[in-house]
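A quick write-up on the structure given underneath.
FYI, the numbering just counts along the sequence from 1.
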Amino acid sequence: PSSIQSRPFMASDTDSTSSDEPGLELSWSRRWSLGHRILAVNVLTLILLAISVLYLEVFQNRLSKERTRQTRIEATATAQALLAAGPEDWRPILRTISKAGENRMRVYGPDGQLLIDSWKLTGPTYELIDPSTQKWTKDVARALDRGFNWLVGARPLDDFIEPRVDRLQAWREAVRARATGSTVSYVRNAPDLTPVLSAATPVGQDVLLVTDNDRKFTRTVRRQRAALAATMVVLIGLSFFLSLFLARTIVRPLRRLAIA
């Protein structure tokens, strides 16, 4: 009789243990082990990081192509305006367009000699900044630029250097424009890693060269990159705390078992 009475007591004790310790059971996502869940969180973070990098690369490439296209259109439109006007009106036309567009326009003759330079008419419309005169924050930004370009495998750009003797032969886009009879564009890096866009197009027997230091392009890309970086910091933080939470879901039951 005493053994018969003890059995219900033992069953009752077992039932109370299973109902009082719900933490021993991981009711959600039973198909995945804890390691799989933590791995999934980290992999998802890496995937989002890769998508962000690809998005920024696509954004930068599209913006660069658009700005290059605008420079080509401006060069072509200016050449058409020069052809429609007489040679005596070329200087006033180039002065007005160069000042409005904040770029530099040069016309080279059939022998390659520089005939007209808009900067001699308007003064400099942009300035190539020496990196050594800028704050350390710009050095950090340029280091991030180089790191991102290396990460996505971007083709390195040539450095922009004004030729000592300014002739048509010093500009490969101008030489090609004369040879092909079409508008040719090129992108180089200024000393501070901002792009220098150029486009050359024939004007009769002459060639028009347009150059522009597009600093707005760099500011736009860096702002976009900063916004994505801030987002990724938040995502990485959430991933860390979620992984920590998942790890605690197994540490807590084991701790209770150790105490029991």
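Under the 4.5 Å side-chain heavy-atom criterion for Ile, Leu, Val, Met, Phe, Trp and Tyr, Trp119 and Ile116 are members of distinct hydrophobic clusters. Neither Val187 nor Leu209 shares a network with the other; the hydrophobic side chains, linked directly or stepwise wherever heavy atoms of I, L, V, M, F, W or Y lie under 4.5 Å apart, form separate groups for each. Placement of Leu168 and Phe160 within a single hydrophobic cluster is found when ILVMFWY residues are connected by side-chain heavy-atom separations under 4.5 Å, directly or transitively. One hydrophobic cluster holds both Val107 and Leu121 under the rule that ILVMFWY side chains link at heavy-atom gaps under 4.5 Å. Hydrophobic cluster membership differs between Val207 and Leu115, with clusters built from Ile, Leu, Val, Met, Phe, Trp and Tyr side chains linked at under 4.5 angstrom.
In this structure, CZ in Arg223 is found 7.0 Å from CZ in Arg219, a value given to the nearest 0.5 Å. Separation of atoms CD1 (Ile93) and CE (Met105) is listed at 10.5 Å; rounding is to 0.5 Å. Taking CG of Leu144 as the reference point, atom CG of Asp139 lies at 11.0 Å (rounded to 0.5 Å). Here the CG-NZ distance, from Leu63 to Lys216, works out to 12.0 Å after rounding to the nearest 0.5 Å. Atom CG of Leu157 is separated from atom CG of Asn189 by 4.5 Å, given to the nearest 0.5 angstrom.
Contact check for Glu57 versus Phe148: side-chain heavy atoms found under the 4.5 Å cut-off. Two residues are said to be in side-chain contact when any heavy atoms from C-beta on lie closer than 4.5 Å; Trp171 and Val175 fail this criterion. In this structure, Arg215 and Tyr126 have side chains that are not in contact, with every pair of non-hydrogen atoms separated by 4.5 Å or more. Using a 4.5 Å heavy-atom cutoff, the side chains of Thr218 and Val221 are not in contact. Counting only heavy atoms from C-beta outward, the side chains of Thr211 and Leu197 never approach each other to under 4.5 Å. Residues Thr96 and Thr122 have side chains not in contact (no heavy-atom distance under 4.5 Å, counting atoms from C-beta outward). Side-chain contact between Val210 and Arg106 is absent, with no heavy atoms from C-beta onward closer than 4.5 Å.
In this structure, Arg167 contributes its side chain and Asp111 its backbone to a donor-acceptor pair below 3.5 Å. Of the possible donor and acceptor atoms, one in the side chain of Thr71 sits under 3.5 Å from a partner among the backbone N and O of Arg67. Thr133 places a side-chain N or O within donor-acceptor distance of the main-chain N or O of Asp130, the cut-off being under 3.5 Å.
Ala177 approaches Ala200 most closely through the heavy-atom pair CB-O, 3.5 Å. Of all heavy-atom pairs between Pro202 and Ser182, the closest is CD-O, 3.6 Å. Residues Asn213 and Pro195 approach most closely at ND2-O, 3.1 Å, considering heavy atoms. Pairing each heavy atom of Asp206 with each of Pro110, the nearest pair is OD1-CD, 3.1 Å. Here the closest non-hydrogen pair linking Ser64 and Phe217 is N-CE1, 3.5 Å.
A salt bridge links Glu162 and Arg104; the closest N-O separation between the charged side-chain nitrogens and carboxylate oxygens is under 4.0 Å. In this structure, Asp158 does not pair ionically with Arg188, as no charged nitrogen and carboxylate oxygen lie closer than 4.0 Å. The residues Arg142 and Asp145 are annotated as not salt-bridged, no charged nitrogen and carboxylate oxygen being separated by less than 4.0 angstrom.
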Exercise for the section: Applying side-chain contact (heavy atoms from CB on, under 4.5 Å), run through Val53 and Val152 and close with a yes or a no. Expected result: CA-CA 8 Å; Val53 172; Val152 300; 3.7 Å; yes

Exercise for the section: Under the salt bridge (charged side-chain N to carboxylate O under 4.0 Å, His left out) rule, what do Arg69 and Glu66 come out as? Steps first, then yes or no, please. Expected result: CA-CA 5 Å; Arg69 186 182 70 86; Glu66 176 61 24; 2.8 Å; yes

Practice task
Might you work through the side-chain contact (heavy atoms from CB on, under 4.5 Å) test for Tyr55 and Gln224, ending with a clear yes or no?
Solution key: CA-CA 10 Å; Tyr55 165 78; Gln224 194 73 14; 2.9 Å; yes

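With 3.5 Å as the limit, one finds a donor-acceptor pair spanning the side chains of Asp166 and Tyr108. Under the 3.5 Å distance criterion, with hydrogens and angles disregarded, no donor-acceptor pair is assigned to the side chains of Thr125 and Asn103. Side-chain contact of Tyr186 with Thr68: a donor-acceptor pair under 3.5 Å is absent, judged by distance alone.
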Table please: side-chain donor-acceptor pairs of residues 75-85 below 3.5 Å, with sequence neighbours left out.
| unit_1 | atom_1 | unit_2 | atom_2 | d |
| --- | --- | --- | --- | --- |
| Thr76 | OG1 | Arg72 | O | 2.9 |
| Thr76 | OG1 | Thr183 | OG1 | 3.1 |
| Thr78 | OG1 | Glu74 | O | 2.7 |

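Environment of CD in Glu102: sparse, with no more than 12 heavy atoms of neighbouring residues, nucleotides or ligands closer than 6.0 Å. Enclosure of atom CZ in Arg176 is not indicated, since only 12 or fewer non-hydrogen atoms of other residues, nucleotides or ligands lie within 6.0 angstrom.
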